[in-house]
There are 2 protein chains.
Amino acid sequence: MLTQTRPDPSPSAHDRVYRMLRTRIMHGDMAPGQALTLRGIGREFDVSMTPARESLRRLVAEGALTMSASGRVSTPELSNERIEELAALRALIEVELASRALPRAHMALIERLQTINTGLADAIARQDPVGYIRTNLEFHRTLYLRAQAPAMLAMAETVWLQLGPTMRMLYGRLRHKEVPQYHRLIISALKAGDEPGLRLAVRSDVTQGLKMLQT
Amino acid sequence: MLTQTRPDPSPSAHDRVYRMLRTRIMHGDMAPGQALTLRGIGREFDVSMTPARESLRRLVAEGALTMSASGRVSTPELSNERIEELAALRALIEVELASRALPRAHMALIERLQTINTGLADAIARQDPVGYIRTNLEFHRTLYLRAQAPAMLAMAETVWLQLGPTMRMLYGRLRHKEVPQYHRLIISALKAGDEPGLRLAVRSDVTQGLKMLQT
DNA sequence: CGCGTGAAATTGTGATCACAAGAAGATCAT
DNA sequence: ATGATCTTCTTGTGATCACAATTTCACGCG
């Protein structure tokens, strides 16, 4: 998870590669089961094997990538059981994060969330799955940052990371036509300071879609 | 987290080092703020810098170790806020794990848990903090394995890992005289098939002690 | 056409080295 | 005695290479 502090403008090569791969995986820009190699990553990002290996190993440690018995690395193909577990984890962690964010959810934040929802509508209009996933996660992250609970947010992001490649399939199945209604309910509950309503809306939002992935 | 499958009897050097360090950290065998270096790890485990670096980087990715802006690695020194967050995460995840374990908690498991509690009493009698922490976590892990939710168990273990160095301090403050009463309550609730009682006992067990760490 | 075998290519792991950066220690000046 | 500066030592990062293991491909046979 992103715990280390390294605010310098020129981070290490491995850090750079790690962040780019992480973003790509989290936003569903990679399909489940896709293989990655050290030499392939080295070529793509113009680095040697050492930072490539560090990056891949780090993502494996976070569950974003899986490693076979022979050390080969690929994006995970999640079983139904795994998807259900990760959905349950999202429900547990994100509902708590939303509750903790509520006391600091003022109008500026609510307006920011509404703006992000507009971006979701744009991604839907463009039929852009990666853009949709990215903007959806931005919506949640923006809210949860107000919880001021970095350990929990890190855990939530770890779950998003593991779900990333699978989320792409979800988008295809939902064939989104409009912004998820639960986002509107989340925003309403924030405006009203309605904690039970907020918890219910977040739980519904994070679990409803994932149910459709289980075949 | 321990997600990759590598059942071969001779794992990689980096995997070996990683597991040993991970166990040491999780069981409170290292104090908060303790520094580790690549060359130091290399000497101690008789490996070169490459597996040493891989192991440390992996533990950093899991939050077990922290990395400074200059790349130096050490065990984390947790703030009160961080401790509260991790306790809350334990409560969220472990309560859910216990619930999911209940349907498969038969007499053999219950007897196993009682045996482990006897080991806890031994560790207390020996005034052995590391043994105490290890046996306590064994108690929880043994129960949660029955939940058959590896993603959740991995998350729980990640939290234990982050708390490891701090747990050592907790042991000092509690000055344990007897096996935690909540373990007895957990066992009773399992025998009775009492889910609400089990949830309450687990929540109390995982949060009560950690409250004493917050000064 | 499919399967098996062998060879070649590709892969991951670990060691080593060079280099840059940071930390620690020593010395000098106020 | 304390602070600043300089030097030395230690550290982390990345590149490269060797080697073992795995995978892929090609060819031959049934």
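Within every chain, numbering begins at 1; the chains are lettered A, B, ... in the order of the sequence lines, protein sequences first and strands thereafter. Quick caveat, the model's predicted, so the values are computed rather than measured.
- Contacts of residues 40-55 of chain B with DNA chain D (heavy atom under 4.0 Å): B/M49, B/R53.
- Rounded to whole Å, atom C1' of D/dT13 lies 14 Å from atom CZ of A/R58.
- Evaluation of atom-type donor-acceptor distances gives a pair under 3.5 Å for the side chain of A/R39 against the base of C/dG12.
- Atom CG of A/L56 and atom P of C/dT11 are 12 Å apart (whole Å).
- The distance from atom CG of A/D15 to atom C1' of D/dG12 is 13 Å, rounded to the nearest whole Å.
- The distance from atom NE2 of A/H14 to atom C1' of D/dT13 is 10 Å, rounded to the nearest whole Å.
- Comparing C/dT13, C/dG14, D/dT22 by their nearest atom to the side chain of A/S70 picks out D/dT22.
- Between the side chain of A/R146 and the backbone N or O of A/R104 there is at least one donor-acceptor pair closer than 3.5 Å.
- In this entry the distance linking CG of B/L38 with C1' of C/dC17 reads 15 Å, nearest Å.
- Among pairs with a residue in residues 31-50 of chain A, those fulfilling side chain to side chain donor-acceptor pair (under 3.5 Å) read A/R24-A/E44, at least two apart in sequence or across chains.
- For A/R90 and A/T207, the side-chain atoms include no donor-acceptor pair closer than 3.5 Å.
- A/R168 and A/H27 form no side-chain donor-acceptor contact under 3.5 Å, judged by distance and modelled atom types alone.
- In this pair, A/F139 and A/H183 present their aromatic rings parallel. The plane angle is below 30°, not in the 30 to 60° band.
- For C/dT13, the OP1/OP2 oxygens have a side-chain nitrogen or oxygen of A/R57 closer than 4.0 Å.
- Ion pairing between a basic and an acidic side chain is recognised when a charged N comes within 4.0 Å of a carboxylate O; B/E84 and A/R100 show such pairing.
- Counted by atom type alone, B/H14 and B/Y18 present zero donor-acceptor pairs between their side chains at under 3.5 Å.
- A salt bridge does not link A/E62 with A/R57: every distance from a Lys NZ or Arg NE/NH1/NH2 to an Asp or Glu carboxylate oxygen is 4.0 Å or more.
- Contacts between residues 29-37 of chain A and DNA chain C, defined by a heavy-atom separation below 4.0 Å, involve A/L36, A/T37, listed by number.
- In this structure, B/E94 does not pair ionically with B/R203, as no charged nitrogen and carboxylate oxygen lie closer than 4.0 Å.
- Separating the CZ atom of A/R72 from the C1' atom of D/dA20 is a distance of 12 Å, rounded to the nearest angstrom.
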